[in-house]
2 protein chains.
Amino acid sequence: MKNKAAPHITVAIDCIVFGFDGSDLKLLLVKRGFNPEMNKWSLMGGFVNEDESVDDASTRILNKLTGLHGVYLEQLHTFGAVKRDTTERTISIAYFALIDIAKYKQQLSHDYHAEWFPIKNVPSLIFDHDAMVEEAKKRLQYKAALHPIVFELLPEKFTLPQIQSMYDAIYEVNFDKRNFSRKLLSTGLLIKLNEKDKAGSKKGAFYYMLDKEKYNENLYKIFSLIITPDHLQFL
Amino acid sequence: MKNKAAPHITVAIDCIVFGFDGSDLKLLLVKRGFNPEMNKWSLMGGFVNEDESVDDASTRILNKLTGLHGVYLEQLHTFGAVKRDTTERTISIAYFALIDIAKYKQQLSHDYHAEWFPIKNVPSLIFDHDAMVEEAKKRLQYKAALHPIVFELLPEKFTLPQIQSMYDAIYEVNFDKRNFSRKLLSTGLLIKLNEKDKAGSKKGAFYYMLDKEKYNENLYKIFSLIITPDHLQFL
DNA sequence: GCAAAAGTGTTTCAGTTACACCCATGA
DNA sequence: TCATGGGTGTAACTGAAACACTTTTGC
């Protein structure tokens, strides 16, 4: 029962940072600069201080890596196997973040040897970080099926082909572009701009932007946009 | 960065235990037997030991309260505000459990002054336990919409009216019984028995049981049984 | 003029909802 | 015999899926 002996344990944060660059979904990793497991790839992590909440700790640690403020960050799961960290008993609270890679690029933090890896081609990571990434991918699928959080991954202006390739990457499928665009536009969340992105094709694709007001109205609502049961298997 | 100073923090577990008794959804609470907040209602909690995983700790703590083994238990969220515990900086990993009240009754643990409260009528709890319960209710709605975990709440034999009142309680609505039973039976997960429960009515309601094989086959599958978007709002 | 990607409509089908009456029984 | 809860069927509608051709333009 409580207030008997209360063991004290090291509590860490690890951040799974997803990014989208307009065509690929990527994961941000850092090269570990100290032992053990020096020079292996890992998630960005740090310890929870005694005078900060765990949410504050995750924000602080993510900011240290990316320099960004206001990033979408959500607690994922707490990993607490006894020997998950080989040096000392540590439990880790994993958070996942969604960011627009372009926004971040200017301030890429060389201090941490941070690098983006395509989600389909992530190296193996230290400790139980692989499991954290797997869990985060599932959560992203889960969450994005019901909530419009994916806009966190996009720049202010984006094209329909871009947003579709993002969904395709998240769910590892290819949606039918006719059904996809109809369904997406029917949410009324998008505003079509009079401007085209000519980078991806000769014809060019119209830019859209999020209708922020409607977005905020609908944030609490279900966004049953995409998913057929198959894509949610194993969640 | 890691392996600088690593503060050590007290790590607790709190269990949100949902139970169903055939007509009502309930929450199991204990009366706190020590200060501070002595005699107030709280979730069942305890500390994580240095030599056990957090999952093991949650199982141990739940077992201490209920005497039960093999209870459905799932990690919910880690609560880590600095002053959430008034005595000492403590982070708490909340777990939620689903149990069949009848199964548990025999071994009700008087040691902890444990008591079932109807979910609609839960007293206010210590620390941030109210928030934990709210979070758990949402998670249960979320999860039960897509996974057949609710059978964890039911005895081996149950009637359609019973299972429906469970869903009604979870989602705080009243489903149409014709649509409900059709949809439920169409999953093929239920076996109708040649036996009636005469407790609830004069006519009596047929017992059903879970087809365990199909259940296990389908555990990984989506169980898109019930939910219309409205019920998932705010998740 | 052709290659490459963008954009658009219709039909079919399945699943969901709404809805009302009869049945069995104990008191 | 009547009050109570259990059990069942149909019609209308809505949303999802499948599917192929035309448009634009840089080369």
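What you see is a predicted model; the values in this text were computed from it and never measured. Chain letters run A, B, ... following the sequence lines, proteins first and then strands; every chain starts at 1.
Regarding B/Asn174, its CG atom lies at a distance of 15 Å from the P atom of C/dT17, rounded to whole Å. Computed from coordinates, the B/Leu184 CG to D/dG6 P distance equals 15 Å when rounded to whole Å. Look at CD on B/Gln162: it is 13 Å from C1' on D/dG5, rounded to the nearest Å. Atom P of nucleotide D/dG5 and atom CZ of B/Phe206 are separated by 19 Å, given to the nearest angstrom. We find that CD of B/Glu195 is positioned 17 Å from P of D/dG6, with the value rounded to whole Å. Taking atom CG on B/Asp197 and atom C1' on D/dG6, their separation rounds to 11 Å, with Å as the unit. One atom, NZ of B/Lys183, and another, P of D/dT8, lie 19 Å apart when rounded to the nearest Å. Look at CZ on A/Phe158: it is 15 Å from P on C/dA6, rounded to the nearest Å.
Under the side chain to side chain donor-acceptor pair (under 3.5 Å) rule, A/Arg139 has a single partner from A/Glu74, A/Gln75, A/Glu134, which is A/Glu74.
Using modelled atom types, no side-chain atom of B/Thr187 and backbone atom of B/Lys183 make a donor-acceptor pair closer than 3.5 Å.
Ring pair B/Tyr142/A/His147 is tilted by interplanar angle, where 30° to 60° counts as tilted.
Between A/Phe127 and A/Phe79, the gap from one ring centroid to the other reaches at least 6.0 Å. A distance of 6.0 Å or more separates the ring centres of A/Phe158 and A/Tyr207.
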(message) I'd like to compare against my own output: the B/S/- annotation of nucleotides 18-27 of chain D with a strict under-4.0 Å heavy-atom distance to protein.
(response) BBB--BBBB-
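With the nearest nucleotide of DNA chain C identified for both A/Ser181 and A/Gly200, A/Gly200 has the one nearer the 5' end.
A side-chain N or O of A/Ser53 and one of A/Asp56 form a donor-acceptor pair less than 3.5 Å apart.
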